[in-house]
Chemist: 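Sharing a structure here in structure tokens format.
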2 protein chains.
Amino acid sequence: MNKESSRGSGVHGQIHACILSGEWAPGEKLKPAALAERYNTSTTVVREALTRLAGEKFVVMEPNRGFFVPELSLSELRDITEVRCRVEAWALELAVDRGDLTWESALMAAHHQLAKTPRRNADDPTHVTEAWADAHREFHRKLIEPCGFPVLMDLSQQLHDTTELYRRWAAPSTAAAHRDVEAEHKEILDAVVARDAVLAAALLRKHYEFTMEVVLSSGLIEGINTPAQSAQTA
Amino acid sequence: MNKESSRGSGVHGQIHACILSGEWAPGEKLKPAALAERYNTSTTVVREALTRLAGEKFVVMEPNRGFFVPELSLSELRDITEVRCRVEAWALELAVDRGDLTWESALMAAHHQLAKTPRRNADDPTHVTEAWADAHREFHRKLIEPCGFPVLMDLSQQLHDTTELYRRWAAPSTAAAHRDVEAEHKEILDAVVARDAVLAAALLRKHYEFTMEVVLSSGLIEGINTPAQSAQTA
DNA sequence: GTCTCACAGATACTACATTTTGGCTGAATA
DNA sequence: TATTCAGCCAAAATGTAGTATCTGTGAGAC
């Protein structure tokens with residue numbers, strides 16, 4: 001939608017999107033030469049984009065070794081989910097307290113957009129569509145928007161992106177089949193419109209924890225991260 | 001202490017340290033050419049370091065305009081302080097619950113180090129010493145270390161660094177004169193050793209809010225940020 | 001079987017070319 | 001005469017190409 005102002009920024013955004021969409025597997029090496037050719041640019045602008053992503057903790061940089069898609073780990077997913085629940089519960093309380101009617105309307109619009117966007121594609125039923133992921137991101141962003149803390153919003157977005165990686169790489173599981181995500185979003189929306197912050201926060205937690213359970217039960221993470229390599233980043 | 005593994009990483013660390021130590025004023029332009037000469041390297045390396053710092057939200061990047069030391073703003077300081085209080089209160093509860101005797105001992109050591117490090121220098125009484133700032137950082141890091149959430153630790157460090165900028169640029173005020181920072185640290189330490197998480201969190205909040213008050217009452221921020229420029233970053 | 005060393009491939013860095021920005025000049029207009 | 005605006009120019013940011021340095025691997029010697 002919005003044209004990037006410089007080539008470097010453009011590449012940064014594209015690599016970000018490609019990692020989210022599962023273009024490369026966790027742990028995979030991001031080769032500047034290959035990316036430069038792909039985006040019709042030189043290795044330096046790719047390096048710059050990767051370096052910035054490394055600062056955002058969205059790719060891993062190992063000096064003199066290169067850049068890598070982050071590894072997935074059970075414990076990190078648990079940590080992030082818990083932090084998300086806590087942080088967004090607070091943000092949601094503030095939002096419910098401070099948000100006006102305009103926000104309420106915009107939130108309902110965002111929910112409608114999400115509800116009416118096809119979640120899965122016939123071509124690739126194992127992954128959700130780009131459009132749904134975008135709408136999902138936007139709904140959750142809108143949910144806490146009037147909290148009034150830009151810092152909280154940034155953090156929330158960052159955690160959303162990180163967990164998105166896990167969602168992408170979780171294989172469809174039995175738990176996922178028995179889930180009604182749309183109903184969960186609807187419940188949260190209703191609680192917010194009813195201005196019941198406590199209920200909304202509880203439902204949001206349930207929503208996030210359910211997502212985590214689905215990812216964990218898919219068993220894919222163990223397949224990617226061998227249990228042997230428990231090396232800690234000191 | 002630890003030698004950086006590549007030139008780029010080294011420059012990254014040095015620029016970070018220089019901004020923290022108040023080398024350049026908030027809003028000031030960071031010129032790659034000047035920095036390249038200073039660190040005996042080329043502009044590309046500097047650009048990469050600045051790009052990474054931009055990803056870490058520690059410098060501001062404006063496409064086609066360059067890099068800048070972040071502006072200081074009252075509202076941001078208030079936001080960050082509130083988020084710090086909330087986040088670290090939680091982390092501290094976890095730490096008090098999970099931390100063992102080894103941690104308790106290490107924390108006491110970190111406090112002793114902090115208490116015995118000269119806070120101000122005779123040469124420059126308006127600013128605290130590098131050594132004290134480092135010890136201060138380490139004490140607060142150690143305080144919440146056993147919380148078990150690397151994500152929380154990272155966030156805490158990032159918020160610490162951002163507020164450090166404000167502390168650096170706050171002129172000495174009457175409020176600062178009447179303050180006994182060492183006593184505040186000692187109280188927090190005592191509460192932690194007594195395993196009183198609620199009291200410790202309350203004292204930590206008081207500690208952070210006092211710092212904010214001192215910065216606000218110094219009046220320097222208004223001097224740097226003219227009230228006229230209330231442009232929002234959309 | 002282990003160690004050493006050299007070679008291939010990739011990363012980090014430098015120097016240079018291109019593009020953009022922002023201010024300056026000066027003429028046209030009110 | 002003051003103001004505005006188009007066009008030009010220097011400075012700075014972005015992007016390219018090529019060199020230097022590092023890492024990991026594999027062959028060969030002990």
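These numbers come from the heavy atoms of this one structure, side chains and all, not from hydrogens, waters or symmetry mates. Letters A, B, ... mirror the listed sequences (proteins, then strands); counts begin at 1.
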Chemist: Whole angstrom is fine here: how far is it from NZ in A:Lys31 over to P in D:dT23?
Modeler: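 After rounding, the reported distance stands at 18 Å.
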Chemist: Where the side chain of A:Arg119 meets the backbone of A:Val128, is there a donor-acceptor pair that is under 3.5 Å apart?
Modeler: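 The answer is no, because no donor-acceptor pair under 3.5 Å joins these two groups.
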Chemist: Measure from the side-chain N and O atoms of B:Lys31 to the backbone N and O of B:Phe67, and report whether any donor-acceptor pair falls under 3.5 Å.
Modeler: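 No; zero donor-acceptor contacts below 3.5 Å.
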Chemist: Could you check whether any side-chain N or O of A:Tyr166 sits under 3.5 Å from a backbone N or O of A:Ser73, counting only pairs where one atom can act as donor and the other as acceptor?
Modeler: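 Yes; judged by distance alone, with no hydrogens or angles, the pair exists.
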Chemist: Starting from P on C:dG9, measure out to NZ on A:Lys29 and report it in whole angstrom.
Modeler: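 In whole Å, C:dG9 P lies 13 Å from A:Lys29 NZ.
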Chemist: Are any side-chain N or O atoms of A:Ser156 and backbone N or O atoms of A:Leu152, one a donor and one an acceptor, separated by less than 3.5 Å?
Modeler: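 No.
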Chemist: Would you check if the side chain of A:Ser21 reaches a backbone N or O of A:Glu130 as a donor-acceptor pair within less than 3.5 Å?
Modeler: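 No, A:Ser21 side chain to A:Glu130 backbone: no donor-acceptor pair under 3.5 Å.
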Chemist: Write down the distance between CD (A:Glu62) and P (D:dC22), rounded to a whole number of angstrom.
Modeler: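 Whole-Å distance recorded here is 18 Å.
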Chemist: Compute the angle between the rotation axes at the two ends of the helix from C:dG1-D:dC30 to C:dA30-D:dT1, each taken over five pairs, rounded to 10 degrees.
Modeler: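 Here the local axes at opposite ends form an angle of 10°.
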Chemist: Any side-chain N or O of B:Arg65 under 4.0 Å from OP1/OP2 of C:dG22?
Modeler: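 True: B:Arg65 side-chain N/O within range (under 4.0 Å) of C:dG22 OP1/OP2.
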Chemist: Less than 6.0 Å separating the ring centroids of A:Trp90 and A:Phe149?
Modeler: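 A:Trp90 vs A:Phe149: aromatic centres under 6.0 Å.
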Chemist: How about A:His207 and A:His140: are their ring centroids closer than 6.0 Å?
Modeler: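 Centroid separation for A:His207 and A:His140: below 6.0 Å.
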Chemist: Tell me the interatomic distance from A:His12, atom NE2, to D:dG15, atom P, rounded to whole angstroms.
Modeler: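 These atoms are roughly 14 Å apart.
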Chemist: Counting only side-chain nitrogens and oxygens, does B:Thr44 get under 4.0 Å of the OP1 or OP2 atom of C:dA15?
Modeler: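 For B:Thr44, the contact criterion (side-chain N or O under 4.0 Å from OP1 or OP2 of C:dA15) is not met.
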Chemist: In whole Å, what is the span from the CZ atom of A:Arg47 to the P atom of D:dT21?
Modeler: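 About 16 Å, once rounded to whole Å.
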Chemist: Roughly how many Å is it from CD in A:Glu48 to C1' in C:dT11, rounded to a whole number?
Modeler: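 The distance from CD of A:Glu48 to C1' of C:dT11 comes to 16 Å, rounded to the nearest Å.
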Chemist: Tell me what B:Thr43 touches on the nucleic acid: a base, only sugar-phosphate, or nothing, going by heavy atoms under 4.0 Å.
Modeler: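 Counting heavy atoms under 4.0 Å across all strands, no contact is made by B:Thr43.
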Chemist: Rounded to the nearest Å, what distance is computed from the CE atom of residue B:Met61 to the P atom of nucleotide C:dT21?
Modeler: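 That distance rounds to 14 Å.
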Chemist: Between A:Asn64 (CG) and C:dA10 (C1'), how many Å, whole number?
Modeler: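 So the two atoms are 10 Å apart, to the nearest Å.
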